[in-house]
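Everything on this sheet refers to the single structure shown next.
We count residues from 1, following the sequence as given.
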Amino acid sequence: MQAEITWLDDPEVFRVNQMPAHSDHLFYADEEECRRGESSLYQSLNGMWQFCYSENASGRPKDFYREDFDAGSFDEIRVPGHIELAGYDKIQYINVMYPWEGQDYRRPAGTPSAEGQRKDLFSGAVYNPVGSYRRTFDLPEAMKGKRISLFFEGVEQAVYVWLNGIFIGYAEDSFTPSEFDLTEVVRDTGNILAVEVHKRSTAAFLEDQDFFRFFGIFRNVSLIARPKLHLEDIWIRPLYEPEDGTGELRLRMKFSGDTPGGRAEVTVSGAGEQVLSEAVSVQDAAEAVWKMPGTVKPWDNHQPFLYQMELRLYDREGTLTEVVPYEFGFRKIELRDKVICLNGKRVIFCGVNRHEWSAESGRCIGREEMEWDMACMKHNEINAVRTCHYPDQIPWYGMCDRNGIYMIAETNLETHGSWQKWGNMDVSWNLPGSFPAWKEVTLDRARSNFEVFKNHTAVLMWSLGNESYVGDVLEEMNRLYKEWDPDRLVHYESVIYNRDYEDTVSDIECRMYAPPEAVRAYLDKDPKKPFVLSEFMHCMGNSVGGLVSYMDLLDEHEMYQGGFIWDFIDQALFVTDEVTGKKVLRYGADFDERPADYEFSGDGIVFADRREKPAVQEVRYLYGKYR
């Protein structure tokens with residue numbers, strides 16, 4: 001199979017030769033590796049790569065993936081990282097508009113607005129930068145002879161992959177993992193990996209989030225070795241009954257490799273004591289249901305109690321092939337009499353929306369930044385986070401599990417610029433709307449979000465995305481989330497603009513920036529759904545002084561259940577000031593970009609360098625009264 005540059009222009013081509021999305025479980029070759037937390041079945045490809053920047057597709061080194069290509073003229077770039085922050089291309093912050101507005105006329109393929117438009121909208125663009133990456137690698141001894149895959153945790157925005165001159169695959173979803181099977185092509189030594197990243201494709205219409213517009217390999221890259229018998233996917237469903245404190249553990253597992261005659265041994269411990277030990281015969285897929293002995297300890301924000309599961313796989317000869325650990329908690333999220341209840345009690349969301357951000361490295365963040373964010377939330381009585389407006393790095397979900405932070409897990413979808421222009425609404429080419437050409441790509445993003453993060457106790461709600469109006473495609477996404485996961489709720493805000501979908505999209509009345517009077521007016525009319533402000537208290541300048549007016553409503557109406565401040569951290573970047581020579585923070589439009597949305601990127605309760613703003617005092621005081 002050959003790579004086609006025209007895939008950039010076709011919304012119906014969004015994954016080629018990608019492996020199916022699966023749970024984010026780690027696995028180890030033996031017990032000792034599991035105890036150390038160091039697996040011989042993973043190899044990081046982070047580090048310095050050869051790199052070439054091109055202004056557009058026609059100017060890129062088209063044969064750079066060939067084994068005999070001379071890359072001597074290439075620069076070097078660090079992976080992970082944004083190409084713009086390595087000194088290439090331009091830095092641009094924009095909120096609602098698409099980044100090309102006022103420069104290029106583009107309408108999404110598959111909509112009436114695109115009729116008569118050139119077909120090579122992105123592949124033939126004069127400006128659509130390309131990053132060409134190359135590196136070599138050898139397999140470590142422990143990975144030789146095993147099935148090998150290449151695992152990208154995040155690449156923005158469209159990525160082509162070759163190994164040893166052979167085309168491997170293509171992907172477009174920037175914020176969920178993309179995995180490719182290398183087994184038939186990989187060698188023990190001297191492998192040449194080539195990755196071509198395009199800044200924009202039709203995926204740009206779906207990724208119109210309020211943020212700086214970067215591209216490149218900005219999250220970790222790894223090689224993964226699958227042993228002879230491997231757990232491909234696991235769904236852990238801990239069911240809890242708050243009335244009597246009992247629990248039931250349901251597992252759904254998928255295996256690969258030499259499955260006949262194999263077995264899986266599952267143990268569950270809590271507070272250091274083993275409470276369950278069972279065995280399952282391995283087939284390609286297996287399911288098990290076990291009643292937990294006695295009563296279980298529930299999970300919530302105040303006591304985020306987690307059980308430890310270990311699954312050990314043995315082949316037909318009885319040889320241990322891998323060990324899989326996973327932490328999970330028992331909790332029940334549901335609607336009771338139109339009130340969101342956790343473990344039988346009304347839940348109040350004292351939340352924030354959180355972009356991943358570093359003033360040094362943009363959305364390429366590490367463990368240190370995540371740990372600071374978590375400590376800040378805990379210290380300031382924040383009990384919930386919405387992953388605006390894309391899936392976060394995998395470790396963040398486990399941190400929320402362990403710290404009792406309630407999550408709205410958002411699908412990588414925002415199409416704000418396709419329907420709202422300078423405060424006016426025009427839904428004639430809204431995406432995904434009800435357009436067939438955009439259905440599968442949208443549902444695939446929802447599926448990936450679900451499959452990767454389905455085991456995380458902290459995830460109380462799935463979110464369809466952000467500010468994408470509504471239509472038949474989002475209605476189908478809502479239906480699928482409910483079908484895939486009957487144990488969680490579904491969140492979506494923009495249905496408020498079209499009440500025809502009110503009964504089929506979102507379990508909750510979600511609004512942004514509704515004043516307290518509007519919240520009260522909704523709740524006074526015996527509404528259908530509980531009310532949550534998915535964004536409120538927009539924290540620009542000297543903001544958050546009105547928070548008390550919203551918090552007082554919690555005592556008036558049981559169906560009002562809090563909200564999520566916009567947002568947690570400013571988006572700003574450190575630069576060296578040309579006049580003073582000092583390191584300073586710069587916001588939108590400080591980089592001479594057009595179009596831009598200026599200081600609108602500075603609306604966090606903490607500065608971009610993670611200093612708390614004065615507003616945090618108000619948040620801590622009021623949230624502390626209700627969480």
Side-chain angles (χ1 to χ4, degrees), residues 17-51 65 67 71 76-81 131-155 159-169 171 176-197 216-233 256-257 313 320-326 364-367 393-395 398 452:
N17 293 344
Q18 271 186 260
M19 299 174 70
H22 57 77
S23 53
D24 64 347
H25 65 279
L26 299 174
F27 50 95
Y28 301 86
D30 55 39
E31 301 276 2
E32 179 58 30
E33 286 189 4
C34 186
R35 298 292 172 263
R36 294 198 316 266
E38 298 175 0
S39 178
S40 62
L41 302 175
Y42 291 79
Q43 180 186 3
S44 173
L45 294 184
N46 293 351
M48 300 306 296
W49 292 45
Q50 293 177 300
F51 179 77
Y65 63 87
E67 291 191 84
E76 282 195 327
I77 194 169
R78 182 168 295 280
V79 172
S132 303
Y133 297 78
R134 276 174 64 106
R135 69 157 292 160
T136 61
F137 67 86
D138 301 330
L139 289 181
E141 198 62 36
M143 299 178 74
K144 292 177 181 177
K146 295 181 172 64
R147 295 168 291 155
I148 304 297
S149 65
L150 176 65
F151 191 80
F152 294 99
E153 293 186 27
V155 183
V159 56
Y160 295 82
V161 181
W162 294 263
L163 182 66
N164 300 328
I166 297 172
F167 175 66
I168 299 298
T176 55
S178 302
E179 189 171 7
F180 302 94
D181 191 345
L182 306 181
T183 305
E184 298 301 317
V185 180
V186 72
R187 303 186 287 243
D188 286 351
T189 61
N191 292 284
I192 300 174
L193 177 61
V195 179
E196 185 176 271
V197 183
I217 306 172
F218 72 102
R219 289 180 179 168
N220 296 327
V221 187
S222 304
L223 294 174
I224 298 176
R226 283 165 167 76
K228 180 180 178 182
L229 176 59
H230 173 62
L231 178 71
E232 286 287 345
D233 181 76
S256 67
L313 274 184
L320 179 68
T321 65
E322 69 179 16
V323 180
V324 177
Y326 214 100
C364 177
I365 67 171
R367 188 81 185 192
Q393 285 193 46
I394 291 171
V452 176

Between Tyr133 and Val79, is there a donor-acceptor pair closer than 3.5 Å when you use the side chain of the first and the backbone of the second?
-> no
Only residue of Leu163, Thr189, Ile192 satisfying side-chain contact (heavy atoms from CB on, under 4.5 Å) with Phe137 is Leu163
Atom of Phe27, atom of Leu41 and distance for their closest heavy-atom approach = CD1-CD1, 3.6 Å
Salt bridge (Lys or Arg N to Asp or Glu O under 4.0 Å) between Glu67 and Arg187: does it pass, once the steps are laid out?
-> CA-CA 13 Å; Glu67 291 191 84; Arg187 303 186 287 243; 2.8 Å; yes
Kindly determine whether Leu223 and Val186 satisfy side-chain contact (heavy atoms from CB on, under 4.5 Å), including the steps that lead there.
-> CA-CA 11 Å; Leu223 294 174; Val186 72; over 6 Å; no
Is the side chain of Asp188 donor-acceptor paired with the backbone N or O of Lys144 at a distance under 3.5 Å, no angle test?
-> no
Could you tell me which non-hydrogen atom of Gly190 sits nearest to which non-hydrogen atom of Asp138, and how far apart they are?
-> N-OD1, 2.7 Å
Using modelled atom types only, decide if a donor and an acceptor are shared between the side chain of Glu153 and the backbone of Gln393 within a distance under 3.5 Å.
-> no
Is the side chain of Glu322 donor-acceptor paired with the backbone N or O of Leu231 at a distance under 3.5 Å, no angle test?
-> yes
Check the angle between the aromatic planes of Trp162 and Tyr160 and answer parallel, tilted or perpendicular using the 30° and 60° thresholds.
-> parallel
Closest non-hydrogen atom pair between Gly37 and Tyr28, with its separation | C-CE2, 3.7 Å
Do Glu32 and Arg35 meet the salt-bridge criterion of a basic N to acidic O distance under 4.0 Å?
-> no
Distance in Å, Phe151 CZ paired with Tyr42 OH, rounded so as to fall on 0.5 Å steps = 8.0 Å
Candidate pair Phe51 and Glu76, rule side-chain contact (heavy atoms from CB on, under 4.5 Å), full reasoning | CA-CA 5 Å; Phe51 179 77; Glu76 282 195 327; over 6 Å; no
